[in-house]
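Please read the structure below before turning to the comments.
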Protein chains: 2
Amino acid sequence: MKDKGRLTSSLEDYLEAIWLLSRESKVVRVRDVARYLGVTPASVVSAVKVLARRRLVEHEPYGYISLTDKGVEQATQIYKRHTILARFFRDILGLDPNSAERTACILEHHISEKALTRLTKFLEFVEECPDATPYWLKGLHHYMKTGKRSVICPLRGKQR
Amino acid sequence: MKDKGRLTSSLEDYLEAIWLLSRESKVVRVRDVARYLGVTPASVVSAVKVLARRRLVEHEPYGYISLTDKGVEQATQIYKRHTILARFFRDILGLDPNSAERTACILEHHISEKALTRLTKFLEFVEECPDATPYWLKGLHHYMKTGKRSVICPLRGKQR
DNA sequence: TGACAATTTTAGACTTAACTTAATATATTA
DNA sequence: TAATATATTAAGTTAAGTCTAAAATTGTCA
């Protein structure tokens, strides 16, 4: 009966943090998450309660926090959104790594699955191009820097 | 002394709505905005009060709502974010128009100026290409649809 | 011109989200 | 086992965004 809906940005951040921490630490405690996100332990406890109600994490009182399968799946998805976005803004649009990261951190909570799929395919198209960096991408980056097109474009003429 | 900060998504929506309506109607009333956004007039009044405090709109009680220069500027910016994003997702990533619109409506509130600038340049690079649709873009779209690369890419070989 | 209709405004309340502090409870470990 | 670290709860704050219902204003037209 309950409508689940999407997690809020904040809850996604908690879930992502738990997932990230569990990749390095074997066990994750309230304290770790609190430190990582810069909030009080009390805030973590509330958030974990919500995540637990949604069966994304498991947590016995005073115990460790662990992700359920569903939690891992969702955290992975969030992180994937993050990395795809970061790669796009960094590698394609040439944003400096910091800005690309910051952009990804925000947009990862808002981009739709559909849009992400396309973005993913785009990156795939570029990064798995059989022969290194596609010529047009070099042209784009040149254009971003100088405002001028490389000669390749005009030369291709009239293929309407 | 007051920290202005950014508008919330909701307030941006109000500002954008006022701007859009004023492009077609000469004058904009509380009622119009309420209808357009699907909220009650009371909600519009509260929002307009905030926007007025920020000198983005002017509004004498019981009168019309008009944008200040600053308001126009900011609304234009929001709308630009919207259109750039919509164009990107529709024309480059090949999202259907509806999805592209919906995506733009959400992301327009979150994308940074820096990221938008790059996106803009990217579209410029593509859409103002001297000779129609760049070949690589056709290749991308072909790849999106079929998962297969057109022959052009392998042929370009080894330019590392 | 005066009353009715439409519109706007206010006041008050509700909901949700996210967070905090302070007090209490449980674990860990020296 | 007492001191320390950690976790939980309870209660409260702030903020945004909305609503309803009542009151105020304005516009219109018979």
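Order of the sequence lines sets the chain letters (A, B, ...), proteins ahead of strands, with each chain counted from 1.
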Extract from the structure each pairing of a protein N or O with an N or O of nucleotides 10-13 of chain C at less than 3.5 Å, listing the distance.
| unit_1 | atom_1 | unit_2 | atom_2 | d |
| --- | --- | --- | --- | --- |
| C:dT10 | OP2 | B:Lys49 | NZ | 2.9 |

Positions of residues 26-39 of chain A (non-hydrogen atom under 4.0 Å from DNA chain D), listed by number: A:Arg29, A:Val30, A:Arg31
Should side-chain heavy atoms under 4.5 Å link Ile, Leu, Val, Met, Phe, Trp and Tyr, which residues sit in the same cluster as B:Tyr64? B:Val27
Pairs involving residues 15-26 of chain A, ordered by first then second residue, that meet side-chain hydrogen bond (donor to acceptor under 3.5 Å, both in side chains) (sequence neighbours left out): none
Would you jot down, in residue-number order, the residues of residues 55-68 of chain B having a non-hydrogen atom under 4.0 Å from DNA chain C? B:His59, B:Pro61, B:Tyr62
Applying side-chain hydrogen bond (donor to acceptor under 3.5 Å, both in side chains), name anything that partners B:Thr76, two or more places apart in sequence or on another chain. none
Under the rule for side-chain hydrogen bond (donor to acceptor under 3.5 Å, both in side chains), what residues qualify as partners of A:Arg102, not counting sequence neighbours? none
Partners passing ring pair (Phe, Tyr, Trp, His ring centres under 6.0 Å) against B:His110 (at least two apart in sequence or in another chain): A:His110
What pairs of nitrogen or oxygen atoms, one from the protein and one from nucleotides 11-15 of chain D, lie under 3.5 Å apart?
none

Just to verify, what does A:Gln77 make a side-chain hydrogen bond (donor to acceptor under 3.5 Å, both in side chains) with, not counting sequence neighbours? none
Ring pair (Phe, Tyr, Trp, His ring centres under 6.0 Å) contacts touching residues 26-49 of chain B (sequence neighbours left out): none
Sequence neighbours left out, what passes ring pair (Phe, Tyr, Trp, His ring centres under 6.0 Å) with A:Phe125? Give chain and number order. B:Tyr143
